[in-house]
Amino acid sequence: VVALAESLELALLNIEPAHEIQRAVELLRALVDKDGNNFEAIFWLAYCYVYEVLSQEALESALELCEIVSQSTARDALRAGALMLRATALRDLGRKPAPVEELRQSIALAPDWISNRQLLAQVLLESGDAEGAAAHLQQALLAPAVSPVGLSIEEARFEELVTARAGAAVRTHIREQLERAPLG
C-alpha cells in the first residue's frame, strides 16, 4: 500500500510542479493496471487526459474513466471531480447537449468548490442564461479558501488543480468577470 501511495505522489509531482505529463500518465496507467479500483489513480489519469493530453482519443478515454469513478464507491470529492472532468471532456468534444446535468451533480456532491460552479456558469452563459451564470459565479466566490500548507501532496494538488480553492487568482478573475460584463 505504501508503494502505491508513493507512486501516486510521484505521478502528482510529475503533473505539478514538474510538468512531465507523459511520465505522470505512465505512472498512473501502471497504478490502474495494478488495481482497477484505485479510484484516485483513475481520477488523476482522467485529469491528465482532459487537461494535459488534450487529444480526441484521450478525451474519449477520460469519459470512460470518469464514468468509472462517478459511479463508484469513491469519496464524494473524487466523484464530484470525475463529474466535472466528464463535463469538460464532453464540452471539449463538442457533444450536445451541454453537460449541465453532470455539473449540477458535481455541485450537489461538492457545493463549496469554485471550479465546478465556474464551469457551470460558463456553460450557462454559452446557452444564454446570464442570470444563472452570475448566480453560480457569486456562489463560487463564497467558497472557503484552502491553504495547501500542511496538506498531503494529493490533497494539495486536488485543492490547487481541481477545486480551485487554493489560490486567489481565480477569485480575482471571477470578480473581474462579474464587474466587466454584468451577467445577470
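Keep in mind the model is a prediction, meaning the values are calculated, not measured.
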Does [X] belong to the same Ile/Leu/Val/Met/Phe/Trp/Tyr cluster as [Y], with side-chain heavy atoms less than 4.5 Å apart forming each link?
X	Y	result
W44	L13	yes
L63	Y47	yes
Y51	L78	yes
Y49	L83	no
L12	L85	yes

Do you know the tightest heavy-atom contact between [X] and [Y]?
X	Y	result
L31	S7	CD2-CB, 3.7 Å
G167	R171	O-NE, 4.1 Å
I114	A164	CD1-O, 3.2 Å
D112	A143	O-CB, 3.2 Å
V50	T88	CG1-CG2, 3.5 Å
I42	L65	CG2-O, 3.6 Å

Other residues, nucleotides, ligands: >12 heavy atoms within 6.0 Å of E60 CD: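 More than 12 heavy atoms, drawn from other residues, nucleotides or ligands, come within 6.0 Å of this atom.
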Intermediate values then yes/no, side-chain contact (heavy atoms from CB on, under 4.5 Å), V53 and V25: CA-CA 9 Å; V53 178; V25 167; 4.3 Å; yes
R117 side chain vs P111 backbone, donor-acceptor pair below 3.5 Å: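 Yes, the answer is positive, given that a donor and an acceptor are paired below the 3.5 Å cut-off.
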R95/E102 under salt bridge (Lys or Arg N to Asp or Glu O under 4.0 Å): CA gap, chis, key distance, verdict: CA-CA 13 Å; R95 301 273 173 84; E102 286 85 351; over 6 Å; no
Derivation and outcome, side-chain contact (heavy atoms from CB on, under 4.5 Å), residues I21 and N14: CA-CA 6 Å; I21 301 308; N14 273 283; over 6 Å; no
Say you draw a straight line from [atom1] of [X] to [atom2] of [Y]; how long is it, rounded to the nearest 0.5 Å?
X	Y	atom1	atom2	answer
D76	L109	CG	CG	5.0 Å
W113	L119	CH2	CG	11.5 Å
L59	L54	CG	CG	7.0 Å
I153	I15	CD1	CD1	11.5 Å
R79	Q105	CZ	CD	9.5 Å
L28	L8	CG	CG	6.5 Å

Verdict with reasoning, Q118 to Q122, per side chain to side chain donor-acceptor pair (under 3.5 Å): CA-CA 6 Å; Q118 189 178 29; Q122 184 62 40; over 6 Å; no
Salt bridge (Lys or Arg N to Asp or Glu O under 4.0 Å) assessment of R157 paired with E154: CA-CA 5 Å; R157 291 304 170 273; E154 183 182 5; over 6 Å; no
Plane angle bin for F158 and F43 - parallel if under 30°, tilted between 30 and 60°, otherwise perpendicular: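 The rings of F43 and F158 sit tilted, inter-plane angle from 30° to 60°.
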Salt bridge (Lys or Arg N to Asp or Glu O under 4.0 Å) assessment of R104 paired with E101: CA-CA 5 Å; R104 291 192 192 283; E101 186 54 35; 5.3 Å; no
